[in-house]
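Notes follow the structure.
By convention here, the first residue in the shown sequence is residue 1.
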Amino acid sequence: MNVAGMLSNRGRNLLHVADTVNEVDFSVVVSNDADAPGLDGASERSIPTEVVDRGADESREAHERRVLDALDGYEFDLLLLDGYMRVLTESFLDSVPTTLNVHPSLLPSFDGFDAHEQVLESGVRMTGCTVHVVDETVDGGPIVTQEPIPVFEDDDEASLKQRVLYEGEFKAYPRVVRWFANDRVTVADGEVTVEGDDGGEFPERRVVAEEFAADLRYGENPHQDAALYADRAVEEANVVTAPQLNEGAKALSYNNYNDADAALGLVTEFDEPAAAVIKHTNPAGCATADTLADAYADALATDPMSAFGGIVALNRECDAATAEQVVDSFKEVVVAPRYTDAALDVLCEKDNLRVLAVGDLDHEDTGPALTEKPLVGGRLVQERDTWAPEREDLEFVTEREPTDEEVETVLFAWRVLKHVKSNGILFASGTETVGVGMGQVSRVDAVRLAAMKADEHAEGKGSDGAVMASDAFFPFPDGIEEAAEAGIEAVIQPGGSVNDEDVIEAADEHGMAMAFTGNRTFRHQ
């Protein structure tokens, strides 16, 4: 799509469109001021320029005719204004394609040339910018899109102007130009329709509002500043808004919040009493049992060395028996729905053990449906991975089917494995972890790591006779061979490799039972 631009000053929006919108080419940039800095910027980008100064006694109509003459030699499908300090006549607008402008406020509020001053004088707490179709009125044409920008107590005109430009206009104007370039905008009878500008699970536009909750001592590392923001509309149990019950303890760090969130997410997988110990967002151990104290003991025994300095999460009210075990070795944070008075007496004896009460862990979907990962220049957004197989979802593919006990264990293992960094392998026995191989670039290495953890770090348990869960398919039989050497007797994995038959054959040779889930459970963040 070919576009033309008109400016009277710097033309920063036009130049930004030229730099970022690959779908358009600028045919020409026209200015009514020969000294406009934007002309140099256009020339640096090899965009032709034209200057049409308005004479001192020249009428608006006469000047516009000369602008039209200057544009006449260029082909363009859209005309973009950027700080063009003239109100255009209906006759001019009828002679050119659709014309757009960006205004630094949320129209129809604060139109005219002093929008930022009006905003500050009004006391509003939200402003922004508006991209609209230009008509013969001042800032009155139909709106195509808007971008909100907060107004802060310490804002002055300069700071507000800069933020609206860089955080508002630099987003909204290119977005609209791309919409036009992709033939998504219809302008008819004074109205604008944007095809596909829809809501739904993944809306066309997203506005995220979270409030500052706390300064953190530092980020992941001491040289990084950090802060916590809260979405207080979330009803799901969470560590962000959970009260810290031992008030004398130091505040949670960036890493504490990250790990505590991961720990809470893991124990909410289970209806039975469950406990997990997390280190660097990976499970050092997890278990379910008839009592919370037994679940914690089994989880801790998976890797007590790695659990040192870890985060504990419990999905039941913490009682004194469990609390006594938690404080038996150094832990950073414990997370639970609530605590008995006796448990608090035990836990609060540890000066810097942070105790968080997150409230009921109901399994209703009351939290955000999506998860996000910021990237430089944007963010990835996806559905939360809430799926876990039930027995009827499993496809048994080996000559030997798993026993009922093995089925129970592989289903438990899968729910824990969902919270292990990929490539991830998990060994389990009963409903407790035995060894965890996380974050490996090779699936075979993940098997080896899980076996080493089970045989060298676990207390009172090992890999012999355990089951193995894999977060993605085995591309070759070598992972099964390693598992057989460790004594694994049953496997749960997604399946779907071109070499599935070879993998199944290897399992049969070792008398293993194997179940396919049909879904993988990668976790990369």
Side-chain angles (χ1 to χ4, degrees), residues 1-104 112-113 129-142 144 161 165-166 169-170 172-183 185 187:
M1 185 179 196
N2 292 321
V3 300
M6 292 173 60
L7 56 84
S8 297
N9 199 344
R10 298 182 183 181
R12 287 180 290 190
N13 276 298
L14 295 185
L15 301 180
H16 184 65
V17 168
D19 292 339
T20 60
V21 182
N22 297 325
E23 294 91 335
V24 301
D25 292 317
F26 271 83
S27 298
V28 64
V29 168
V30 176
S31 178
N32 59 350
D33 184 348
D35 296 324
L39 294 172
D40 293 334
S43 296
E44 291 169 0
R45 292 162 175 78
S46 300
I47 300 172
T49 61
E50 299 281 350
V51 177
V52 186
D53 286 314
R54 182 178 177 183
D57 298 323
E58 187 176 19
S59 68
R60 181 169 62 162
E61 290 76 11
H63 178 251
E64 286 183 348
R65 284 194 293 272
R66 292 199 297 119
V67 173
L68 289 172
D69 289 341
L71 290 169
D72 189 50
Y74 302 93
E75 293 184 1
F76 58 96
D77 309 294
L78 191 65
L79 179 59
L80 308 178
L81 305 187
D82 183 13
Y84 187 71
M85 305 302 288
R86 292 287 182 268
V87 177
L88 298 173
T89 65
E90 184 177 2
S91 176
F92 178 92
L93 295 170
D94 288 342
S95 303
V96 294
T98 299
T99 302
L100 301 177
N101 190 33
V102 59
H103 180 77
F113 298 116
C129 70
T130 302
V131 182
H132 63 97
V133 175
V134 177
D135 62 15
E136 66 277 10
T137 65
V138 176
D139 302 325
V144 186
K161 178 179 180 179
L165 173 66
Y166 286 102
E169 296 172 36
F170 273 18
Y173 217 169
R175 176 167 69 232
V176 168
V177 174
R178 281 191 290 269
W179 284 350
F180 271 91
N182 291 311
D183 199 26
V185 184
V187 181

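With sequence neighbours excluded, the residues forming a side-chain contact (heavy atoms from CB on, under 4.5 Å) with E58 are R54, A62, H63, R66, listed by chain and number.
The backbone N or O of M1 lies less than 3.5 Å from no partner atom in the side chain of D77, so there is not a single donor-acceptor pair. Side chain of T99 to backbone of P97: a donor-acceptor contact under 3.5 angstrom is found. Formation of a donor-acceptor pair under 3.5 Å by the R45 side chain with backbone atoms of F26 is not found in this model. Using modelled atom types, no side-chain atom of N2 and backbone atom of S27 make a donor-acceptor pair closer than 3.5 Å. Looking at H16, its side chain does come within 3.5 Å of a backbone N or O of F170 through a donor-acceptor pair. In this structure a side-chain-to-backbone donor-acceptor pair under 3.5 Å is present from N182 to R178. Y166 places no side-chain N or O within 3.5 Å of a backbone atom of K161 that could act as its donor or acceptor partner. Using a distance-only test at 3.5 Å, with no hydrogens or angles considered, no donor-acceptor pair links the side chain of E50 to the main chain of V29. Of the possible donor and acceptor atoms, none in the side chain of S31 sits under 3.5 Å from a partner among the backbone N and O of A34.
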Q: Apply the test side-chain contact (heavy atoms from CB on, under 4.5 Å) to residues N9 and Y84: give CA-CA distance (whole Å), side-chain angles for both, the deciding distance (0.1 Å), then the verdict.
A: CA-CA 8 Å; N9 199 344; Y84 187 71; over 6 Å; no

Q: Show your reasoning for whether side chain to side chain donor-acceptor pair (under 3.5 Å) applies to N32 and S8.
A: CA-CA 6 Å; N32 59 350; S8 297; 2.9 Å; yes

Q: Might you work through the side-chain contact (heavy atoms from CB on, under 4.5 Å) test for V176 and L100, ending with a clear yes or no?
A: CA-CA 9 Å; V176 168; L100 301 177; 3.6 Å; yes

(Q) Determine whether V67 and M6 satisfy the following criterion, side-chain contact (heavy atoms from CB on, under 4.5 Å), listing intermediate values before the conclusion. (A) CA-CA 10 Å; V67 173; M6 292 173 60; 3.9 Å; yes

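Each of L93, V133, L80, L79 was scored for a side chain to side chain contact (heavy atoms under 4.5 Å, CB included) with T98, with one residue passing: V133.
Rounding to the nearest 0.5 Å gives a distance of 13.0 Å between CG of D183 and CD of E23.
V96 and L71 make their closest contact through CG1-CD1, 4.4 Å (heavy atoms, listed as atom of the first residue, atom of the second, distance). Summarising the geometry of N101 relative to G83, their closest heavy-atom pair is OD1-N, 4.4 Å, with the distance given to 0.1 Å. Minimum heavy-atom separation, A70 to V52: CB-CG2, 3.8 Å. Scanning both residues, E64 and V87, for their nearest heavy atoms gives OE2-O, 3.8 Å. When every heavy atom of D135 is checked against every heavy atom of G141, the shortest pair comes out as OD2-CA, 3.4 Å. Between L15 and A42 the shortest heavy-atom distance is CD2-N, 3.7 Å.
By the 4.5 Å heavy-atom criterion applied to side chains, V17 and D19 are not counted as neighbours. The shortest distance between side-chain heavy atoms of L7 and L81 does not fall below 4.5 Å. Annotation: side chain of V3 is not in contact with side chain of V21 (no heavy-atom distance under 4.5 Å). Taking 4.5 Å as the limit, every side-chain heavy atom of H132 sits out of range of all side-chain heavy atoms of V144. Within the 4.5 Å cutoff, the side chain of E136 has no heavy atoms near those of the T89 side chain. Residues V30 and V28 have side chains in contact (heavy-atom distance under 4.5 Å, counting atoms from C-beta outward).
Taking 4.0 Å as the cut-off between side-chain N and carboxylate O, D82 and R10 do not count as a salt-bridged pair.
The 12-atom threshold is exceeded at CG of D94, counting heavy atoms of other residues, nucleotides or ligands nearer than 6.0 Å. In the displayed structure, E75 atom CD is contacted under 6.0 Å by at most 12 heavy atoms of other residues, nucleotides or ligands. Atom CZ of R175 has more than 12 heavy atoms from other residues, nucleotides or ligands within 6.0 Å.
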